[in-house]
Amino acid sequence: MKAFFKALILVPVALAIVLFSIANRGPVRVSLDPFSRDAPTLAFDLPLFAVVLAAIAAGVLIGGLASWIAQGKHRKAARRNRREAEALRSEAQSLRAAVPDSALPALTSRNS
């Protein structure tokens with residue numbers, strides 16, 4: 001079922017990207033020189049769809065990195081809680097092993 005919904009979303013998105021790429025094949029000049037507008041030293045002629053898709057990909061990567069950095073404190077707290085839970089679990093197991101079964105009170109049923 002998950003694969004169906006994934007395909008239901010990804011196929012139209014992929015089709016839209018292909019159609020966008022076909023419709024915007026014209027070259028545009030991308031200049032990385034902010035000082036010289038007339039004769040830039042670093043300029044490329046790229047198809048418009050490549051520039052747009054690269055900008056979207058860069059935005060997704062930068063947004064993902066920013067989100068990952070912002071959630072660092074939560075990951076650190078989860079690691080600390082996991083270590084503490086493991087330490088408490090091992091301490092409880094060692095305490096259970098130290099107490100013989102005959103020393104534990106018998107369980108009584110509430111229905112009797």
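The chain is numbered in sequence order, starting from 1.
The shortest side-chain heavy-atom distance between Val52 and Asn24 does not fall under the 4.5 Å cut-off. Side-chain atoms of Phe44 and Leu32, non-hydrogen and from C-beta on, do get closer than 4.5 Å to each other.
Hydrophobic clustering places Val13 together with Phe20 (ILVMFWY residues linked when any side-chain heavy atoms are closer than 4.5 Å, directly or through intermediates). Both Leu42 and Val30 are members of a single hydrophobic cluster when ILVMFWY side chains are connected at heavy-atom separations under 4.5 Å. By the criterion of side-chain heavy atoms lying less than 4.5 angstrom apart, applied directly or through intervening Ile, Leu, Val, Met, Phe, Trp or Tyr residues, Leu19 is not grouped with Leu48; the two fall into different hydrophobic clusters. One hydrophobic cluster, built from ILVMFWY side chains closer than 4.5 Å, cannot hold both Val28 and Ile22; they sit in different ones. Val18 and Ile56 fall into different hydrophobic clusters, where Ile, Leu, Val, Met, Phe, Trp and Tyr are joined by side-chain heavy atoms under 4.5 Å apart, directly or via other members.
Residues Met1, Phe4, Leu8 make up the rest of the hydrophobic cluster containing Phe5, defined by ILVMFWY side-chain heavy atoms closer than 4.5 Å, directly or through other members.
Rounding to the nearest 0.5 Å places OG1 of Thr41 at 10.0 Å from CZ of Phe35.
Annotation: salt bridge (charged side-chain N to carboxylate O under 4.0 Å, His left out) contacts involving residues 2-11, sequence neighbours excluded, are absent. For the side chain to side chain donor-acceptor pair (under 3.5 Å) condition, the pairs that include at least one residue of residues 82-91, sequence neighbours left out, are Glu86-Arg89. Applying the salt bridge (charged side-chain N to carboxylate O under 4.0 Å, His left out) rule to pairs touching residues 15-30 yields Arg29-Asp45, sequence neighbours excluded. Applying the salt bridge (charged side-chain N to carboxylate O under 4.0 Å, His left out) test to every pair with at least one member in residues 59-74, sequence neighbours left out, gives no pairs at all. Counting only residues at least two apart or in different chains, salt bridge (charged side-chain N to carboxylate O under 4.0 Å, His left out) contacts with residues 49-66 are absent.
Heavy-atom minimum distance, Pro12 versus Ala7: CD-O, 3.9 Å. Of all the heavy atoms in Leu53 and Ser21, the pair that sits closest is CD1-OG, 3.9 Å.
Ser67 places no side-chain N or O within 3.5 Å of a backbone atom of Gly63 that could act as its donor or acceptor partner.
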